[in-house]
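Because the structure is predicted, anything quoted here is derived from the model rather than measured. Each chain gets a letter, A, B and so on, in the order the sequences are listed, and its residues count up from 1.
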There are 2 protein chains.
Amino acid sequence: MELDERKKKILESIIRDYVATAEPVGSRAIARKEEIHLSAATIRNEMSDLEQMGYLEQPHTSAGRIPSQMGLRYFVDCMMTQETLTEQEMTSLRNSLLQQINNWNDVVQEVVQFLSRMTNYVSFIILPALRFEQIRNIQLVPLQEGLALLVIVTDMGVVLHQKIPVASSITPEELQAIAQTFSRVLRGRGLNSLHRSQLEILKEQMLKEKRLLDSLLETIDHLMNNSREEKIMINGLMNIINEPEFKNLEQLRSILSLLEEQENLKRLVPDSMGSEVGIRIGKENKETDSQQFSLVFSGLRFSEQIGKIGLVGPIRMEYWKAAGTLDSVRAVLEDILDEMNR
Amino acid sequence: MELDERKKKILESIIRDYVATAEPVGSRAIARKEEIHLSAATIRNEMSDLEQMGYLEQPHTSAGRIPSQMGLRYFVDCMMTQETLTEQEMTSLRNSLLQQINNWNDVVQEVVQFLSRMTNYVSFIILPALRFEQIRNIQLVPLQEGLALLVIVTDMGVVLHQKIPVASSITPEELQAIAQTFSRVLRGRGLNSLHRSQLEILKEQMLKEKRLLDSLLETIDHLMNNSREEKIMINGLMNIINEPEFKNLEQLRSILSLLEEQENLKRLVPDSMGSEVGIRIGKENKETDSQQFSLVFSGLRFSEQIGKIGLVGPIRMEYWKAAGTLDSVRAVLEDILDEMNR
DNA sequence: TGTTAGCACTCAATAATCAAGAGTGCTAAC
DNA sequence: GTTAGCACTCTTGATTATTGAGTGCTAACA
């Protein structure tokens, strides 16, 4: 269903006005705008048409019109151009991220902060479980009488560690020897591919410390399997308090507790998407709880991994700004993460 | 200023009633209670006295009374007994913490969750920067062409790591040798205590890799100095939405944004306290922003370190429960943390 | 045929008024 | 010292006007 130019212009005006004020917008408000030189009466006719077609709706008879979700969808699909960040803003962000390029956590933290600060919406990022199938190095560092630290470095450069008890009779040199044997046997593979013959080698090396073998194998296995959690960060939750649509405490609580729980967020965002920005407007979200807000999201690809990054805001959202900002930030972040994983 | 038994009883009744309902409580409501067998009129007289003395106040002429902050303070100081957790609850918590004793983060996370779930207030924990003055072991693990991972284990068993670039000509064996030399020279000390003569040893070892020396020293220094951040966790922020005193959006926003910022929290909690639970009621907090709520807190001592743990709630707080629960949880957590740090 | 001014009508939001109810303080009796 | 009784106060909630923004329709105009 195509709209003629004039209707488009009016629809856009209404949307921009409504997004800015959160109030139904009347014909006179539109007539006052410079870019439109029509009388209020004419606009009323057009608005009536647009309502008929489903792009606008009226909260009640004597109020102005607000864009329907279908109207917003039309706008987003057919009329909107994203407002990306300026070159300047992007390099500024990039520089500020480069400052803490050695700390993965800080980079991501800063990105979500940046996103929610720029847009005043709730920002989130979901990073995939880091993949590390293979062991690169194993160390056993004596800490004190009867206690050592097991340190594993994986092929992705991830460091796992855990304290484990050892017999107090064991010497640092023995520990080192054991770790070296483990390293040698396990390098380039995971525990699963450990063969009986290799186990024999380990056993032999550890004649004196039978119990330590079990404990080590168990700990290594545990670390390799349980450390690959997804990482989720949310920022700017408080931003939604300012949105007038959530002045209703009941709603506010429902949405805050929805977003507070990271599991919910994971369910909210569709997966399997490319780098284009996706938009879910209100009812387009699957679960009823999430149908009171909109979601702007994008895939995040870096060194063969896929994460998600996005924004949550009211249905009356500045989609052009949200989508543009998100896309710019995604690009910068992907670069940086690639850089970090070399 | 001592109160006679009857006044105390009435004051307590009013406080408990007010804390439960958030409504001013009238003389008849008190008269109805079983434990008090006095007529409403008598109670009115007593209440009038208590108001005169400053323990109660009246929102307006024909409303009931509410306890003043001075009244709450008196109650907390002179009348209240803490409601600690039951033995059962404590062992249940302890067991659940022991399950994840290998992950420091998870333990703390679970504790704040437990606290806010039990009390319905906002819980927080501030852990001190981990002290690690001394290096115990240094590793250089080759990751790929031109890139290695530097891993440092400190005396507290903390593991620091960072990727660093190396010449692609360098062999794994050389890397290991370099790391061993570093380990040997630096073991048991920090970078600060590195002497010129020791630097010479390192230089010699690294004839082939002059640039690596600088890069390594710099990275080690950086890691040792910048990794000792305080750790703050907050949980149950959403709990305060339910408190009727914060139904006013303006206040809600002010308090949420105060607590959202971890720096603010750090400033809020007084330091240098022992293990007894401290209580700050409303205006007793220093900064005006924080005078609209109460704070229940305690020091957290484990293996020679000092952290803080506490709860934030409305002035109309169940201090007896908050203080008791906090104290029990603190005790359990201290045990566990001691255990973890052996 | 498309545009616009004019006007009656609608309906939410705000203000104003009123009644009900909870609570107090005071007085007089027990 | 305690209590019943009563007049008085003040919030709360409901009800009713009032206001004003906005529409839809009609008729006139270009």
Distance-only check: which donor-acceptor pairs under 3.5 Å involve side-chain atoms of residues 7-14 of chain B, not counting sequence neighbours?
residue	atom	partner	partner atom	Å
Lys7(B)	NZ	Glu46(B)	OE1	2.8
Lys7(B)	NZ	Asp49(B)	OD2	3.4
Glu12(B)	OE2	Arg16(B)	NH1	2.4

- Which parts of nucleotides 9-25 of chain D does protein reach within less than 4.0 Å, heavy atoms only, written one letter per nucleotide 5' to 3' as B for base, S for sugar-phosphate only and - for none? BBS---------BSBB-

- Qualifying residues under salt bridge (Lys or Arg N to Asp or Glu O under 4.0 Å), relative to Arg28(A), sequence neighbours excluded: none

- Message: Whole angstroms only, please: what is the CG-C1' distance between Asp49(A) and dT3(C)?
- Response: 14 Å

- By side chain to side chain donor-acceptor pair (under 3.5 Å), which residues pair with Thr42(B), not counting sequence neighbours? Ser39(B)

- How would you list all residue pairs meeting salt bridge (charged side-chain N to carboxylate O under 4.0 Å, His left out) that involve residues 59-69 of chain B, not counting sequence neighbours? Glu51(B)-Arg65(B)

- Kindly express the pairing pattern of DNA chain C in dot-bracket notation, using | wherever a base pairs with another strand and counting only Watson-Crick or G-U pairs under 3.5 Å. ||||||||||||||||||||||||||||||

- Item | Atom-to-atom span, CZ of Arg6(B) to P of dG1(D) - whole angstrom | 10 Å

- Query: For Thr42(A) and dT4(C), is the shortest distance between a side-chain N/O and OP1 or OP2 below 4.0 Å?
  - Reply: yes

- Residues which pass salt bridge (Lys or Arg N to Asp or Glu O under 4.0 Å) with Glu245(A), listed by chain and number, not counting sequence neighbours: Arg316(A)

- Under 4.0 Å from any atom of DNA chain C, heavy atoms only: list the residues of residues 12-23 of chain A that qualify, in numerical order. none

- Query: For Glu263(B), what residues pass the salt bridge (Lys or Arg N to Asp or Glu O under 4.0 Å) criterion, not counting sequence neighbours?
  - Reply: Lys266(B)

- Roughly how many Å is it from NZ in Lys7(B) to P in dG1(D), rounded to a whole number? 11 Å

- Figure out the CD/C1' separation between Glu46(A) and dT1(C), and round it to whole Å. 14 Å

- Item | Separation of dG1(D) C1' from Ile43(B) CD1 (nearest whole Å) | 14 Å

- Message: Between Asp17(A) (side chain only) and Val25(A) (backbone N and O only), is there a donor and an acceptor less than 3.5 Å apart?
- Response: no

- For Glu287(A), the salt bridge (Lys or Arg N to Asp or Glu O under 4.0 Å) test, sequence neighbours excluded, returns Arg267(A)

- Item | Taking every non-hydrogen atom, the tightest pair across Glu243(A) and Asn120(A) | OE2-O, 4.0 Å

- Query: According to the salt bridge (charged side-chain N to carboxylate O under 4.0 Å, His left out) rule, which pairs have a member within residues 75-84 of chain A, sequence neighbours left out?
  - Reply: Arg73(A)-Asp77(A)

- Message: According to ring pair (Phe, Tyr, Trp, His ring centres under 6.0 Å), who are the partners of Phe75(A), at least two apart in sequence or on a separate chain?
- Response: Trp320(A)

